[in-house]
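Start at 1 with the first residue, then count along the sequence.
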Amino acid sequence: MLPAEGELYGKSPTRWTRWGLAAAVEKAARSRSGWCVRYLWVYAAGQLVLVPTALPGHGPVAALLFTLANGGLVTGLSVHATRQRIVRRGFGARHGVLIGA
């Protein structure tokens, strides 16, 4: 848990040092960064379902349905990613490469 405003500057009996604050931030980041793994599993599962269902269909209607379904999956995951409090450094670039591949 991160220190309260008063605790950071020594106005409280619990005094936070810079290293203590850094350790608290790192602990919070590590404990809340598990959403990224779930995000990737959901994307993989979505592609595992969408790609085989698109293969039998031919023509513009099948292509449009696949595009809309895949676009909905990507949009939902992107909105979910932007709402997270803890985001790893470079995640935006990694997200773009993953979705673009």
Side-chain angles (χ1 to χ4, degrees):
M1 173 145 246
L2 293 177
E5 184 71 28
E7 294 175 345
L8 180 60
Y9 298 107
K11 297 176 186 172
S12 167
T14 306
R15 193 157 177 186
W16 286 83
T17 63
R18 288 184 183 157
W19 295 112
L21 178 61
V25 169
E26 181 181 1
K27 183 179 177 182
R30 288 190 184 275
S31 68
R32 295 182 185 151
S33 65
W35 69 268
C36 185
V37 174
R38 290 187 301 273
Y39 169 91
L40 292 173
W41 276 111
V42 169
Y43 182 73
Q47 293 305 309
L48 192 63
V49 170
L50 285 175
V51 171
T53 57
L55 291 177
H58 296 289
V61 174
L64 179 65
L65 289 176
F66 176 73
T67 302
L68 291 174
N70 204 21
L73 174 68
V74 170
T75 301
L77 285 172
S78 298
V79 168
H80 174 70
T82 59
R83 297 192 57 160
Q84 300 305 309
R85 294 182 71 197
I86 303 293
V87 179
R88 291 179 182 256
R89 179 175 286 175
F91 183 76
R94 187 175 301 145
H95 174 72
V97 168
L98 176 76
I99 298 303

In the hydrophobic cluster built from side-chain contacts under 4.5 Å, what are the other members alongside Leu64?
Leu68
Do you know the tightest heavy-atom contact between Leu73 and Gly46?
CD2-CA, 3.9 Å
In the single-linkage hydrophobic clustering (I, L, V, M, F, W, Y; side-chain heavy atoms under 4.5 Å), do Phe66 and Val49 co-cluster?
no
Of all pairs that satisfy side-chain hydrogen bond (donor to acceptor under 3.5 Å, both in side chains), the ones with a partner from residues 47-66, not counting sequence neighbours:
Gln47-Asn70
Using 0.5 Å steps for rounding, measure from the OG atom of Ser78 to the OH atom of Tyr39.
5.0 Å
Side-chain heavy atoms nearer than 4.5 Å, only ILVMFWY residues, links allowed to pass through others: does that put Leu65 and Val51 together?
no
